[in-house]
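When a residue number appears, it is its place in the shown sequence, counting from 1. Because the structure is a prediction, the values reported are computed rather than measured.
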Amino acid sequence: METYTLFSLGALIGFIIHFTFHAVSPLIARRHKSVVNIFVAEKASATEKHSNKYSPKVFVPDILARWPWPRRINPHFAVVKEESVAWMESFGAFSPKAQHAFNRCDFSRLACLTYPMAKRDHIRPCCDFMSLVFVIDEYSDASEPSEVRKQKDVIMDALHNPHKPRPKGEWIGGEVARQFWELTIRNASKQSQKRFVATFDEYLEAVAQQAIDRSGHRIRDITSYFDIRRDTIGGKPAIALLELGLDIPDEVMSHPAIQEMALAAVDMISIGNDITSYNLEQSRGDDSHSIITIVMNEIGTDVNGAMLWAQDFHTKLEQKFHAAMAALPQWDEPLNSQVKEYCNGLGQWVRGNDDWEFEGGRYFGNRGVEIKEKRWMALMPKQRKNGTPEIGPVLVDSSQL
């Protein structure tokens, strides 16, 4: 697999920061005087003109500086986005204000960046899938553990009975899931259907456990965090959708090299999401389920030290992914080509997810492309909570970044 040999300036700076950070003493790290803090603060004072008030600066590592899969987007993007947005709006799952913020997240873009080669009949369900998981995310984040458990039961019943009308008065997520799955299975292989339902059940079970953690104000250690994050990220059912047009038997999919690649991909997706979502989540007091918070708590570093830790760990995952890919055996055709398509899809998913996190408006508002280039941002102030918050996303105030 060809890899890039030229580093961008941002990647070079990140390497220098990484080397310097590991040369300083733990005492300096504990006192929150990391080299990254000095670097971004100096850069901010020289370049930031939109605010006269100093805000702590957060380094955003370029974790995919050497990832060989380039940005690609599905050619059906414009058409399926229009269809999927209209479909999601038809449920009335959110208030008009929250729905507007939901649309600004551009979840169809996420689907089209992560499944760039999907056929027309497959990419639309992928767009709807993204809306479904973020509906679950918004509702579960605002619900007590017992309610999240009920939400799981509703959704799984809908997936097992996609042609059965949902009961009146039921939580809207059930009907969203039913319609998504009814459309998906029209053109999905039996193997992909089986694996999707199984991994989606695991995802929802982890979301229910996350609700318990949140209710108990639990901050996990690094090991136990990854154990649950591999499911709460929703990456496993997402990569099951790579198989919609494939027919890979269980004995092949369970090969150690394929399993290693899939696990590394899911972990890379998790780390990437935790890096980009941390600022918004910490401002809203919902950052306990983030590797950045976990690392700060466990090893006693600051936010930039945690960002560097995440970058280091991501690099190790990249190495695991490439080593596993090199160890793939050869199968007879057409199976061998299907395995190659699936594994290439894993690599593309990692890239597409990173692209969307800066191009969509969920985490950085309209400044994502700028932050991706500069690789730093202001730490957003804590938001005041007045009463019961409305369910659904809120537009990011880009001026705070």
Side-chain angles (χ1 to χ4, degrees), residues 69-139 155 172-173 175-188 192 196 200 203 233-235 237-245 269 272-273 276-277 280 345-346 348-369 372 392-396:
W69 280 266
R71 179 192 182 279
R72 303 178 71 178
I73 193 163
N74 195 287
H76 303 292
F77 170 54
V79 175
V80 293
K81 175 181 177 178
E82 182 177 359
E83 293 176 357
S84 190
V85 168
W87 172 77
M88 188 63 237
E89 289 179 344
S90 71
F91 295 104
F94 305 112
S95 70
K97 181 180 179 181
Q99 183 65 57
H100 173 66
F102 191 90
N103 292 347
R104 286 287 298 274
C105 295
D106 208 351
F107 296 122
S108 292
R109 177 179 294 273
L110 172 58
C112 289
L113 286 166
T114 50
Y115 306 98
M117 299 302 293
K119 297 179 180 179
R120 176 68 173 82
D121 290 341
H122 293 154
I123 190 59
R124 166 62 197 281
C126 292
C127 292
D128 295 353
F129 166 76
M130 296 302 179
S131 289
L132 170 62
V133 295
F134 281 99
V135 165
I136 294 170
D137 185 64
E138 294 295 339
Y139 272 86
I155 291 173
I172 194 61
E175 183 61 13
V176 176
R178 187 195 71 78
Q179 290 191 23
F180 150 72
W181 195 232
E182 184 180 39
L183 175 65
T184 302
I185 60 178
R186 293 177 188 173
N187 299 286
S192 67
F196 178 87
F200 207 77
Y203 154 66
I233 189 64
I239 63 177
L241 294 180
L242 290 169
E243 301 181 61
L244 290 178
I269 294 165
N273 181 257
T276 53
S277 66
L280 179 64
L346 294 175
Q348 199 67 55
W349 226 106
V350 173
R351 170 64 70 184
N353 182 68
D354 184 77
D355 288 333
W356 169 78
E357 286 171 342
F358 292 97
E359 294 178 25
R362 186 167 179 83
Y363 304 121
F364 305 116
N366 59 11
R367 295 188 62 195
V369 175
K372 185 177 185 179
V394 178
L395 289 176
V396 175

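- In this structure, Tyr115 contributes its side chain and Ile73 its backbone to no donor-acceptor pair below 3.5 Å.
- In this structure, Asn74 contributes its side chain and Ala118 its backbone to a donor-acceptor pair below 3.5 Å.
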Does the pair Thr276 and Glu357 meet the rule for a side chain to side chain donor-acceptor pair (under 3.5 Å), with working shown?
CA-CA 7 Å; Thr276 53; Glu357 286 171 342; 3.2 Å; yes
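- For the pair Ser84 (side chain) and Lys81 (backbone), a donor-acceptor distance under 3.5 Å is absent.
- Proximity of the aromatic rings of Phe364 and Phe358 is defined here by a centroid distance below 6.0 angstrom, and this criterion is met.
- Ring planes of Tyr363 and Trp356: perpendicular class, angle over 60° (limits at 30 and 60°).
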In sequence, state the C-alpha distance, the side-chain angles, and the governing distance for Phe107 and Phe77, and then conclude on ring-ring contact (aromatic ring centres under 6.0 Å, His included).
CA-CA 11 Å; Phe107 296 122; Phe77 170 54; over 10 Å; no
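- The environment of Glu83 atom CD is dense: over 12 non-hydrogen atoms of other residues, nucleotides or ligands sit within 6.0 angstrom.
- Taken from CZ in Phe129 to CZ in Phe200, the straight-line distance is 6.0 Å, to the nearest 0.5 Å.
- No side-chain donor from either of Gln179 and Asp128 sits under 3.5 Å from a side-chain acceptor of the other.
- In this structure, Arg124 does not pair ionically with Glu82, as no charged nitrogen and carboxylate oxygen lie closer than 4.0 Å.
- The existence of a salt bridge linking Asp106 and Arg362 is excluded, since no basic side-chain nitrogen approaches an acidic carboxylate oxygen closer than 4.0 Å.
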